[in-house]
Amino acid sequence: MSAAFDPTMSIGHGRQTMAPVGPSVADTLPSIDFGFDDLRDRMAKFTARFDAFIEQGRKRVLEERNQFRVNMAELQEDERMKRKDVEIAQVKMSTYQQTIEKEEAEKREMEVAISSLAAQRDNHIATRDNLKTQIAETQAEIESRLAAQRAYAKQQEAQSRYNVPELDFWISTLCMRIEGAGKDDRLKFVYTHIDEKNWEREAWFELSTSSRDYDVRHCRPKLERESVERVLDRVNETRELVVLLKGMRELFVEAIKS
């Protein structure tokens, strides 16, 4: 195996053995400029630009991340507000629905009340019309009765003016007196001298004047009703009181004799 060639050893050895005789070969070689300084400068500038780009990118990423966080926070806040708005809207809708149902119920109640009031009004109107009709009929009847009473009173007044002397005559002739019977529409006629054995014995009857026709309600002594009715028929037919006075005296005389 051969030993490696060592130029330094050969040169050094040569230097030790040979003296330099002229310029070195290395010195005669052309100088080569590799541009390391420019390369370093360019690398430094690139590194600065790269670092600036990285820094700007980092800042942009940070800004975008911060903006994203802000946007997300805004979106979450918007979502929360929307949920809150939805809840408020649901509450309002529920309240509105309850209000509508309440108003519908009140509307139905009012319609029922209006219907009832309308029916009551119709009944009141019908009752009022019936009352008006009854009042008119009653007023007409009252007017008719008042007219009849006025005519009867006028007739009685006219007859009484002419009959006062005649009545006094028959009171004296028939041994009779007239008394009150305790009521405004009744008169009591008392006879004496009807009993031959006792001239002081009295007989009487009560005459009712509450209606147009005369009516005998009570009498003493007791008389048969049929006999009294026959006398009353003649009196109501003739409308002369003297017929009643004479007829009742005759009945009392017959009753005492019997």
Side-chain angles (χ1 to χ4, degrees), residues 1-16 20 22-144:
M1 185 173 179
S2 60
F5 176 73
D6 188 359
T8 58
M9 294 181 62
S10 63
I11 293 173
H13 181 74
R15 286 181 180 174
Q16 291 177 359
S24 174
V25 178
D27 293 335
T28 62
L29 292 174
S31 61
I32 300 173
D33 188 4
F34 289 99
F36 289 110
D37 294 334
D38 182 53
L39 179 60
R40 282 194 300 271
D41 184 57
R42 290 172 60 189
M43 288 294 293
K45 292 180 180 178
F46 174 77
T47 301
R49 288 196 302 271
F50 183 76
D51 291 340
F53 173 77
I54 294 299
E55 183 66 21
Q56 291 178 357
R58 188 177 66 81
K59 289 181 179 180
R60 186 170 61 253
V61 170
L62 290 175
E63 290 176 355
E64 291 178 353
R65 184 176 63 183
N66 292 333
Q67 186 64 36
F68 176 77
R69 290 178 177 176
V70 171
N71 293 337
M72 287 298 296
E74 292 179 353
L75 288 174
Q76 291 176 354
E77 182 65 19
D78 291 341
E79 184 180 1
R80 187 182 68 81
M81 294 298 294
K82 290 183 186 308
R83 286 199 300 269
K84 186 174 181 180
D85 292 339
V86 169
E87 293 175 356
I88 294 174
Q90 290 176 348
V91 171
K92 289 183 177 180
M93 184 177 297
S94 177
T95 304
Y96 180 69
Q97 185 66 29
Q98 293 176 359
T99 303
I100 290 177
E101 293 176 356
K102 182 178 179 181
E103 290 179 352
E104 289 293 333
E106 292 177 352
K107 179 182 177 182
R108 290 191 294 269
E109 291 178 358
M110 291 183 66
E111 289 177 350
V112 172
I114 290 172
S115 178
S116 177
L117 289 174
Q120 292 180 6
R121 181 200 61 190
D122 295 339
N123 292 333
H124 290 330
I125 290 175
T127 303
R128 182 197 63 187
D129 294 339
N130 291 333
L131 289 176
K132 284 184 177 180
T133 303
Q134 293 177 4
I135 289 171
E137 293 176 353
T138 303
Q139 287 179 344
E141 184 178 357
I142 290 173
E143 291 295 332
S144 177

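Given the structure is predicted, the values throughout are model-derived calculations rather than measurements. We use all heavy atoms of the structure for the numbers below, so side chains are in, but hydrogens, waters and symmetry mates are not.
- Residues meeting the side-chain contact (heavy atoms from CB on, under 4.5 Å) test with I100, sequence neighbours left out: Y96, E104.
- Within the model, atoms CG of D78 and CD of Q76 stand 10.0 Å from one another, a figure rounded to the nearest 0.5 Å.
- Applying the salt bridge (charged side-chain N to carboxylate O under 4.0 Å, His left out) definition to pairs two or more places apart or across chains, those involving residues 52-65 are E55-R58.
- Partners of D41 by side chain to side chain donor-acceptor pair (under 3.5 Å), not counting sequence neighbours, listed by chain and number: K45.
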Show which side-chain atoms of residues 129-144 pair as donor or acceptor with protein atoms under 3.5 Å away, not counting sequence neighbours.
residue	atom	partner	partner atom	Å
N130	ND2	A126	O	3.2
T133	OG1	D129	O	2.9
T138	OG1	Q134	O	2.7
E141	OE2	R145	NE	3.4
E141	OE2	R145	NH2	2.8

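- Rounding to the nearest 0.5 angstrom, the gap separating the CD atom in Q90 from the CD atom in Q97 is 13.5 Å.
- Atom CZ in R69 sits 12.5 Å away from atom CD in Q67 (nearest 0.5 Å).
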Show me the side-chain donor-acceptor pairs of residues 105-118 shorter than 3.5 Å, one per line, residues at least two apart or across chains.
none

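- Using bins of under 30°, 30° to 60° and over 60° for the plane-to-plane angle, the ring pair F50/F46 lands in the parallel bin.
- Applying the salt bridge (charged side-chain N to carboxylate O under 4.0 Å, His left out) test to residues at least two apart or on different chains, the pairs with a partner in residues 80-95 are E77-R80, E79-R83.
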